[in-house]
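For reference, the structure discussed in these notes is given below.
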Amino acid sequence: MCGIVGYVGDKKAQDFLISGLKRLEYRGYDSAGIVTVSEKGKATLIRAKGKIAELEKKLAKNKRDDNVGIGHTRWATHGEPSEKNAHPHQAGSIYLVHNGIIENYKELKAELKEHDFKSETDTEVLAALINSFYKDGKHPLVNAVVQALKLVKGTYGIAVVSVLEPSELVVARSGSPLVIGVGNNETLVASDASALVGHTKRAIYLNDGEVALLTKNSIEIKTLNAEPVSAKVEEIETNLAAIQKGGYDHFLLKEIMEQPDSLRETLRGRVNAENGTVRLGGPGLSEAELRKIKHLIIVGCGTAYHAGLLAGYYIEKFTPEITIETVIASEYRYRDAYIPKDSVALIVSQSGETADTLACLREIKKQGIPTIGIVNAIGSTIAREVDGGTYVHVGPEISVASTKAFTSQVIAMVMFGLTIAQAKGVKSSILTPYIKEIAGLPEEIRKVLDGSVETVKKIAKDYAKYDHAIYLGRDVAYPAAMEGALKLKEVSYTDANAYAFGELKHGPLALVDDRFFEVALVPDGVLLEKSVSNVQEVLARGGHMIVVTNSDEFDLPVESVVKITTSMKLFAPLLMNLVMQLLAYYITVDKGYNVDQPRNLAKSVTVE
Ligand code: AGP
């Protein structure tokens with residue numbers, strides 16, 4: 001997802017713009033740019049293809065003391081990554097940065113004959129449209145922005161400056177997040193609160209359909225229909241340590257290793273192991289409403305989808321007569337799916353901004369189904385549009401590959417399931433084992449991480465050479481295997497796919513040869529023997545297998561075994577997932593790829 005920053009205040013705008021864009025780098029981008037405007041109305045526009053370091057090289061020769069400006073990191077949608085397509089885009093006296101997609105940009109462009117288009121972007125069309133109403137300052141900038149946005153179809157988060165009004169910044173959003181930082185004699189704006197950390201703790205989250213006129217000591221928010229909006233100032237929860245690497249080589253390893261602590265934050269005040277109860281206040285459903293639930297729809301993309309699949313396996317084990325449907329948001333939003341009454345929808349999203357997931361939320365709400373958010377980013381769009389919700393509180397997840405959020409999303413949803421089961425009167429003898437394991441999980445995660453890092457680091461060296469991988473699991477280990485495959489795929493670019501162990505003989509077994517290595521999850525328990533015989537099927541075809549197991553009985557002569565020592569029975573697959581996270585990390589390090597910002601990917605996909 002692109003990044004936006006903006007500044008108006010007493011300090012040098014260039015300093016905040018660059019530092020703010022660096023905070024947003026983790027979201028993935030392919031070009032960047034800033035523009036500042038002097039008091040006398042002189043603009044200094046600097047743009048570069050590639051990383052912010054390229055921008056800084058140009059900036060060194062263009063230092064300015066200007067006090068207003070905007071900046072952008074671009075993840076190309078319309079138009080290839082290049083300097084001419086990088087934001088900010090200029091039209092007459094104005095400069096604009098934009099996140100989102102202007103769907104009717106072609107029709108709008110056809111009407112803007114006076115503008116000499118230099119880029120292939122939809123954003124430049126928006127800049128030209130605003131300028132067509134601005135008429136070089138005959139109308140206030142904010143009015144020109146409003147008039148233009150009324151003609152726009154699509155999504156946007158924008159920041160606009162004009163050389164004719166050099167002490168103002170105009171921002172607006174519809175579908176792409178913007179947060180305003182309230183400072184002392186300075187007002188900041190960013191597409192993600194992490195850019196504001198260290199500058200201010202006071203934030204205003206703009207809502208869809210709102211436009212704000214910012215100066216260094218005023219913030220005026222209105223709707224597109226000029227209705228005044230009273231700004232709600234909230235506290236930015238995060239701190240600098242949370243968004244820095246803390247001594248690790250990469251955010252990905254930091255976020256894998258901090259899962260004991262991040263899960264503790266998810267559980268805080270919600271699990272009572274002593275009396276074997278779970279209490280989730282956020283969903284906001286009464287005991288009666290919980291008792292009535294007959295159907296759960298769990299909606300997400302990527303890792304969030306896998307979290308929903310895994311949580312669904314657990315919930316149906318301890319909650320009677322509930323059907324559970326876990327769906328991929330980008331598919332579900334276009335289905336004509338019937339939603340039974342007495343349903344509740346869990347909307348799962350780390351960023352809370354994923355376009356497909358947000359679209360599903362809005363569709364499901366139209367059908368009057370209660371929606372519960374399982375979200376990490378405080379104040380995000382999904383978090384603000386659901387009927388109720390449970391923040392997972394894992395802190396900022398910077399690496400594009402989601403790790404700590406996955407573990408906490410699964411447990412948060414399991415806790416929601418336990419909340420339903422408690423309301424339905426399910427015997428405590430069934431629920432208590434889950435609750436006790438959940439309470440003990442952070443410590444078990446610590447033990448497994450400490451006990452497997454060196455083993456996995458060594459194993460990774462033997463498997464980094466492969467371009468293909470098969471991940472295998474049965475029952476609750478199958479969605480865990482899917483997540484493991486996604487992790488390896490998205491950071492190491494290995495062609496990794498997961499299959500249910502039982503599916504092997506229905507086709508995937510044909511793949512097994514020296515091009516592939518296999519990762520097999522073999523949890524202890526009732527299905528152990530079945531999984532062991534599946535491992536034998538692969539072994540018999542010369543498979544290069546890594547088996548991850550917590551069973552003392554496993555003794556087949558596979559190439560590599562990662563033994564997990566744990567008292568956990570129920571949540572062993574979540575512990576196995578830690579091993580797969582580490583495997584993906586170390587294989588990627590061995591391959592020398594960009595661990596935190598994999599090619600082609602973004603941390604939050606706010607476009608379809
Ligand atoms: C996970 O490692 C990926 N980065 C990606 O699949 C991600 O889970 C997906 O885009 C959903 O993001 P969200 O949780 O922020 O909605």
Side-chain angles (χ1 to χ4, degrees), residues 1 26-28 75 175-177 191-192 194 250-253 255-256 259 262 298-311 326-333 345-361 371 373-383 385-386 389-410 412-413 471 479-480 482-494 496-498 577-578 580-585 588 593-608:
M1 176 169 131
Y26 72 90
R27 304 149 75 104
W75 186 54
S176 279
S191 42
D192 176 314
S194 61
H250 303 101
F251 282 110
L252 181 54
L253 184 58
E255 288 155 10
I256 291 172
Q259 287 179 93
S262 55
I298 306 178
V299 183
C301 300
T303 286
Y305 167 65
H306 296 153
L309 283 173
L310 183 50
T326 302
V327 297
I328 291 173
S330 57
E331 286 294 301
Y332 193 73
R333 69 182 287 190
L346 296 185
I347 312 296
V348 194
S349 177
Q350 187 287 127
S351 65
E353 301 298 348
T354 300
D356 288 319
T357 312
L358 179 58
C360 280
L361 163 60
T371 54
I374 304 292
V375 175
N376 186 40
I378 310 288
S380 57
T381 305
I382 290 173
E385 293 197 11
V386 288
T390 294
Y391 278 124
V392 294
H393 289 307
V394 299
E397 189 176 66
I398 306 295
S399 191
V400 165
S402 186
T403 49
K404 61 179 182 174
F406 172 81
T407 300
S408 286
Q409 284 164 347
V410 173
M413 285 185 270
Y471 280 64
M482 292 170 79
E483 174 57 14
L486 173 61
K487 223 40 59 197
L488 184 68
K489 184 185 297 171
E490 64 175 325
V491 289
S492 75
Y493 317 151
T494 304
N497 294 292
N577 183 53
L578 304 170
M580 295 188 289
Q581 291 174 345
L582 289 168
L583 183 66
Y585 172 72
T588 305
Y593 294 153
N594 185 331
V595 169
D596 287 324
Q597 297 166 31
R599 68 185 180 195
N600 308 340
L601 300 181
K603 181 59 183 173
S604 173
V605 184
T606 57
V607 292
E608 274 198 61

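Each ligand, and each atom within it, is numbered from 1 in the order the structure gives. The figures here come from the full heavy-atom set of this structure, side chains too, leaving out hydrogens, waters and symmetry mates. Quick caveat, the model's predicted, so the values are computed rather than measured.
Residue Gln409 places no N or O, backbone or side chain, under 3.5 Å from any N or O of ligand 1. Ligand 1 has no N or O atom lying under 3.5 Å from any N or O atom of Thr357, backbone or side chain. An N or O contact shorter than 3.5 Å links Val400 to ligand 1 by distance.
Annotation for ligand 1: atoms under 4.0 Å from non-hydrogen atoms of Ser402 are 1 (C), 2 (O). Numbered from 1 in the order shown, with element, the atoms of ligand 1 that lie under 4.0 Å from a heavy atom of Ala401 read 2 (O). Every atom of ligand 1 is numbered from 1 in the order shown, and the set under 4.0 Å from a heavy atom of Lys487 is 1 (C), 2 (O).
In terms of protein heavy atoms, atom 10 (O) of ligand 1 is closest to Val605 CG2, 4.2 Å. Of the protein's non-hydrogen atoms, Cys301 O, 3.4 Å is the one closest to atom 11 (C) of ligand 1. Scanning the protein for heavy atoms near atom 13 (P) of ligand 1, the closest one is Thr354 OG1, 3.3 Å. For atom 14 (O) of ligand 1, the closest non-hydrogen atom on the protein side is Gln350 N, 2.7 Å. Of all protein heavy atoms, the one lying nearest to atom 5 (C) of ligand 1 is Thr303 N, 4.3 Å. Nearest protein heavy-atom contact of atom 2 (O) of ligand 1 is Glu490 OE2, 2.4 Å.
At a heavy-atom distance under 4.0 Å, no atom of Glu353 approaches ligand 1.
Residues passing the side chain to side chain donor-acceptor pair (under 3.5 Å) test with His393: none are found, sequence neighbours excluded.
For Ser262 against Lys404, the heavy-atom pair with the smallest separation is OG-CB, 3.6 Å. Nearest heavy atom pair, residue Val410 against residue Ala311, reads O-CB, 4.0 Å.
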Decide yes or no on side-chain contact (heavy atoms from CB on, under 4.5 Å) for Gln350 and Thr303, but give the supporting numbers first.
-> CA-CA 9 Å; Gln350 187 287 127; Thr303 286; over 6 Å; no
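One side chain, Gln259 or Thr407, offers a donor N or O that lies under 3.5 Å from an acceptor on the other. With no hydrogens or angles considered, no side-chain donor-acceptor pair links Ser380 and Glu353 at under 3.5 Å.
Judged by distance alone, with hydrogens and angles left aside, the side-chain atoms of Lys603 form no donor-acceptor pair with the main-chain N or O of Gln597 at under 3.5 Å. Listed for the Glu255 side chain is no donor-acceptor partner under 3.5 Å among the backbone atoms of Ser402. Between the side chain of Asn376 and the backbone N or O of Pro396, no donor-acceptor pair lies under 3.5 Å.
Of the candidates Gly300, Gly302, Ser351, Ala329, Gly302 brings a heavy atom nearest to atom 6 (O) of ligand 1.
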